[in-house]
Number of protein chains: 4
Amino acid sequence: MNPRKIVAELHAELVRYGLVVWTAGNVSGRVPGEDLFVIKPSGVSYDELTPENMVVCDLDGNLVEGEHAPSSDTAAHAYVYRNMPEVGGVVHTHSTYASAWAARGEAIPCVLTAMADEFGGEIPVGPFALIGDDSIGQGIVETLKGHRSKAVLMQNHGVFTIGKDAKAAVKAAVMCEDVARTVHVARQLGDPLPIAQDDIDRLYDRYQNVYGQRSPR
Amino acid sequence: MNPRKIVAELHAELVRYGLVVWTAGNVSGRVPGEDLFVIKPSGVSYDELTPENMVVCDLDGNLVEGEHAPSSDTAAHAYVYRNMPEVGGVVHTHSTYASAWAARGEAIPCVLTAMADEFGGEIPVGPFALIGDDSIGQGIVETLKGHRSKAVLMQNHGVFTIGKDAKAAVKAAVMCEDVARTVHVARQLGDPLPIAQDDIDRLYDRYQNVYGQRSPR
Amino acid sequence: MNPRKIVAELHAELVRYGLVVWTAGNVSGRVPGEDLFVIKPSGVSYDELTPENMVVCDLDGNLVEGEHAPSSDTAAHAYVYRNMPEVGGVVHTHSTYASAWAARGEAIPCVLTAMADEFGGEIPVGPFALIGDDSIGQGIVETLKGHRSKAVLMQNHGVFTIGKDAKAAVKAAVMCEDVARTVHVARQLGDPLPIAQDDIDRLYDRYQNVYGQRSPR
Amino acid sequence: MNPRKIVAELHAELVRYGLVVWTAGNVSGRVPGEDLFVIKPSGVSYDELTPENMVVCDLDGNLVEGEHAPSSDTAAHAYVYRNMPEVGGVVHTHSTYASAWAARGEAIPCVLTAMADEFGGEIPVGPFALIGDDSIGQGIVETLKGHRSKAVLMQNHGVFTIGKDAKAAVKAAVMCEDVARTVHVARQLGDPLPIAQDDIDRLYDRYQNVYGQRSPR
C-alpha cells in the first residue's frame, strides 16, 4: 500500500484511542527502500489528513515532497530514522497518562502481563529536551537503544514510540497509554504487586515470537 | 442464530464499553450440543472481525475450523469449558479499573447494590499465572468454582468472566469494569459503607430470579 | 408529542452522557392528564428501545399497557408520582461518580456555580433501601420533599432525579453526574473553596427564573 | 465564511472534546469590521445549533439580530470584546478538570512543554464573581490583560478562553482542559518536575512564531 495512505490512515487510530487533541501528535513511516519518510503536515487537523497532504522528508528532515510544512517534530523523527536503521515507524503523542508519568519524570513499572508482553519491562524516561535541534531525537535514541521498550516518556513532554513500521509504532503508542493509565489507577489505591524478572522475560519472549497470525496478512 | 455470528458481534460490546484496545481481549461461546467453542482469531483487529474469520476449537483448544490461528488465550477458555460444563461463554479483557485491582491483587468489595445483584458479593482475585499451559485456566476454575461471582481478577493480568452463554459472559465483563471503576472512585476519597451480608444475599437472590423479561426474547 | 416517544428517545441521552451500561438505568414520564406513566421495559437493551416497547403503568406500578414487564425500578417511580404530584418525570442511573459519593454515603457539597444553579445547594444522600417494596420510593420522597435538589444519592445504590417532566429529570441526571465528577476531581487534590450561602441562593433564584428561552420551544 | 456559520460549527468541537454537557458552554466570535459579535442562543441544545439560530449582539450585549435570547453569559463576552480590542473570539465551558482547579482556586502550574507552547506559563485563577452584571467580564479582563495565558479559571465556576478569532479561543479551551487533566493526573501520584522559566520562555516564543503552516489556509 502507498506509504502516504498508510501514514494518513494510521492517524485515525490516535484519535480513536483518545491519544491526541486538536493538531497535536504525529505518525511517520519510512518509505520502503528509500532514505525518506512520510510524516504529518504541521498544524493540520486530524479531520483534514489525506494521503495527498502528507509530506515526505529525507533523513535530515528536509522537505522533499508536499505542499505543507512538515510536523514541527520532524527533526526528532528524522534523527531516529538516521540512527536506528531497524526502525520503520515513529509516533509522538501527549497522551494523558503517559504524559503525566513524564511530567513527574517517573518510569512506568512493569506490573501487568500485557506490559511485559509489549514492552518487556518498564517504560523508561528520557531527558528534558527543547524542540529546535537534535536534542529530542538524541534523547529518544539514547534511551531506546538497547532497551526492550519501544516507548520513551520524554520528561515534561510526552511519548515517542518506535516500531518496525508505522503500524507497530502506533500500536506501541496505544499500548503505552493503556498501561500508563492502568498502572496509574492501580497506584492510586496502593502498591501494585511486582512481577518477577524471569516471568517478565518469559512473557516478553513468548509475545514477540508467538503471538498473532503466523502467515503475512 | 449462528454461533460464529453471535460471538463475532459480541466483540463490538467490548469496544463500545471501552474494555479493550487494539487486538487485546476476546469472547468465546460454546457451540450448542457439541464439544466445541467459537473464539476470536489471534491478533486480528476488532474492525475486521466477521462470522467468517472466527475460529472453532475443540475442548482441548485445538483448531477445528478456521483459517486463522485461535486467540492466544484459547487454552484458558478451553480449560474452563472442559471443567465447568454449566459455562456457555467466556470473556477475557484487560479493562482498566478491573486490571488495576488485579495489579494490586485486591478483591473488589461489594459496596454497591448493582454488584450484589450481578456478582452476589466481592469479585475475587485469582493467582498469578503465565500463559502457555493450563495455569491460567486452572486459576480461573479454582477461583470461580463454588463462588457466586462470574468474574475473576487474574493477578497482574486482567479479568476473565463466565456465563451461561457468550452474551451473559460479556454482560459480566461490562458490569465488572463498571463496578471496578465506581468502587475505585468511591475509595479515592474515603471508605465506602459496607452492605450487610444478608442484604447482599437478598439482592443477589432477587436479581438472579426476578429481573428482566420472563418470556424468552 | 407522544409520551412513549418522548420517554423512549430520552434514554439515548443516558447513553450519550455515559450514565448507563448494558440495561441498567431508566427514564419515566407522566402521561399528561392521566394517573399513568410511561417507563422503560425491564432488561431490554438501549439499542432496542422504541416507543412501541415502552410500557405504561398506573400510579401503583401495575402494568396497564405493553408487552414487556416494566423496569424493576417501577415501584420506586410509582411511589414518587403518587406522593409528589408536581413531578412529571423520574430518572434512575448508577452513573459512576454520583454512585461513588452514594457508596460513601456522602452528600456532594455545593462548590460550583453550575451546581448552585441547578441544585440550589448540596446533593443529598437518601437511605440504604432494598428493592421489592416501597422502601426506595419512600427514601427518595423523604429526602427530596422540601429540598431544592432534584437529585438524591441513594446510599450504596445510585441516583434518582426528578423534574417537571421527563426531559427535566434527564437534565438533572446529566448535571448530577457532571458536578459529582468535577467535585470529586477537585477534592482529589485538596479542598474546594466554599460558596457563601447567599451567593448560592442568588444563583439558584436567577437560574430557575431567568435562564433559557422565555417562549415555549 | 459567514461568522454565524463559523461560530455555530465551532460548538461541535466543544462536544467532540467532551468540554460541555447539555446546553452549558458557549462560543462567540466578533463580526469582522463591526462592533458586533455572534454568540450561542441561551438554553438551546448542541444538536440544534445552526447558523440561523445563532444570535448577534452589540458590544454592550444587546440583542441585534436573532429570534432567541442570547446566552446567559453574553454580558461577560461583551465586556471582553469592549475591553480587549485584540480579542476576536471568546469561549466559556465548565470542562471537568479545569473547573476542578477552579473549584480549589488553584492555578495550573506549567509543567508540560505543550502548556508552555500554548499558554506561556501557568493558567491563572480569576475571582469568584456572580452572573448578572459586569463582574465576570471584569474578572476575566483583569486576569488576562498583560498575561500570556489565553485561559482563565474563574473561581468555583469554569473556564473562559480568548483568541484572535473564535477558532483560536476554541483551541485554547481544548488545550486548557487537556493540560488541566494531564497535570491533575501527574499530581495525583507526586510532584511534577518544574520547567525552568527560560525554557518556558523559549518554548512559548517558538510556538507563537514558528508552529503550523506559514501560508494562509
Side-chain angles (χ1 to χ4, degrees), chain C residues 9-10 12-14 16-19 95 97 108-118 167-168 170-196 198-207 209-217, chain D residues 15 18-25 41-48 53 55 66-73 92-106 108 125 127-133 135-136 153-158 177 180-181 183-189 191:
Chain C
E9 290 180 2
L10 281 167
E13 300 296 313
L14 305 188
R16 180 205 298 239
Y17 289 108
L19 307 188
S95 62
Y97 288 86
I108 308 173
C110 184
V111 294
L112 297 166
T113 56
M115 204 175 158
D117 288 347
E118 176 74 19
K167 187 175 179 182
V170 169
K171 183 190 178 190
V174 171
M175 298 305 292
C176 177
E177 180 65 4
D178 193 53
V179 300
R181 179 171 44 231
T182 303
V183 179
H184 176 89
V185 171
R187 276 269 301 270
Q188 288 186 303
L189 298 182
D191 286 319
L193 300 168
I195 304 181
D198 60 339
D199 287 334
I200 292 174
D201 294 347
R202 264 177 240 146
L203 285 163
Y204 180 67
D205 179 63
R206 187 180 197 281
Y207 191 76
N209 298 308
V210 179
Y211 184 73
Q213 301 298 330
R214 222 57 44 77
S215 51
R217 310 180 36 251
Chain D
V15 173
L19 308 189
V20 292
V21 299
W22 210 253
T23 63
S42 179
V44 174
S45 85
Y46 281 85
D47 289 350
E48 298 172 25
N53 63 20
V55 298
E67 294 177 19
H68 293 78
S71 163
S72 59
D73 298 302
H92 173 50
T93 80
H94 300 157
S95 63
T96 301
Y97 287 85
S99 298
W101 290 92
R104 291 193 308 273
E106 193 177 348
I108 308 174
V125 177
F128 179 82
L130 289 185
I131 199 167
D133 59 17
S135 307
I136 293 176
L153 308 172
M154 294 299 285
Q155 187 188 310
N156 296 108
H157 182 179
E177 181 64 4
R181 179 171 43 231
V183 179
H184 176 89
V185 170
R187 277 268 303 270
Q188 287 187 303
L189 297 181
D191 286 319

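Computed from heavy atoms alone, side chains included, the values below leave out hydrogens, waters and symmetry copies. Residue numbers start from 1 in every chain, and the chains themselves are labelled A, B, ... in the order their sequence lines are given, proteins ahead of strands.
- With D:N156 contributing its side chain and C:T113 its backbone, the two residues share no donor-acceptor pair below 3.5 Å.
- How far CZ of C:R181 is from OG of D:S99: 11.0 Å, rounded to the nearest 0.5 Å.
- We find the CD-CH2 distance between C:E118 and D:W22 to be 9.5 Å, quoted to the nearest 0.5 Å.
- With chain C as the partner, the residue from D:Q155, D:H94, D:H184, D:M154 showing the most heavy-atom pairs under 4.5 Å is D:H184.
- Interface residue C:E13: only side-chain heavy atoms are found under 4.5 Å from chain D.
- For the pair C:T182 and D:T96, the tightest heavy-atom approach, listed with the atom from each and the gap, is CG2-O, 3.6 Å.
- Shown here are the salt bridge (charged side-chain N to carboxylate O under 4.0 Å, His left out) partners of D:D191, two or more places apart in sequence or in another chain: there are none.
- What you find for D:A100 and C:V185 is that their closest heavy atoms are CB-CG1, 3.5 Å.
- At a 4.5 Å heavy-atom cutoff, D:D73 makes no contact with chain C through either its backbone or its side chain.
- Atom NE2 of D:H157 is separated from atom CG of C:D117 by 7.5 Å, given to the nearest 0.5 angstrom.
- Only the side chain of C:L203 comes within contact range of chain D, with heavy atoms under 4.5 Å apart.
- In terms of non-hydrogen atom pairs under 4.5 Å with chain D, the most contact-rich of C:D199, C:V174, C:D178 is C:D199.
- The part of C:M175 that comes within reach of chain D is its side chain, from C-beta onward, which places non-hydrogen atoms under 4.5 angstrom from that chain.
- For D:E106, the salt bridge (charged side-chain N to carboxylate O under 4.0 Å, His left out) test picks out D:R104, D:R187, with sequence neighbours left out.
- D:I131 contributes atom CD1, which lies 4.5 Å from atom CZ of C:R206 (distance to the nearest 0.5 angstrom).
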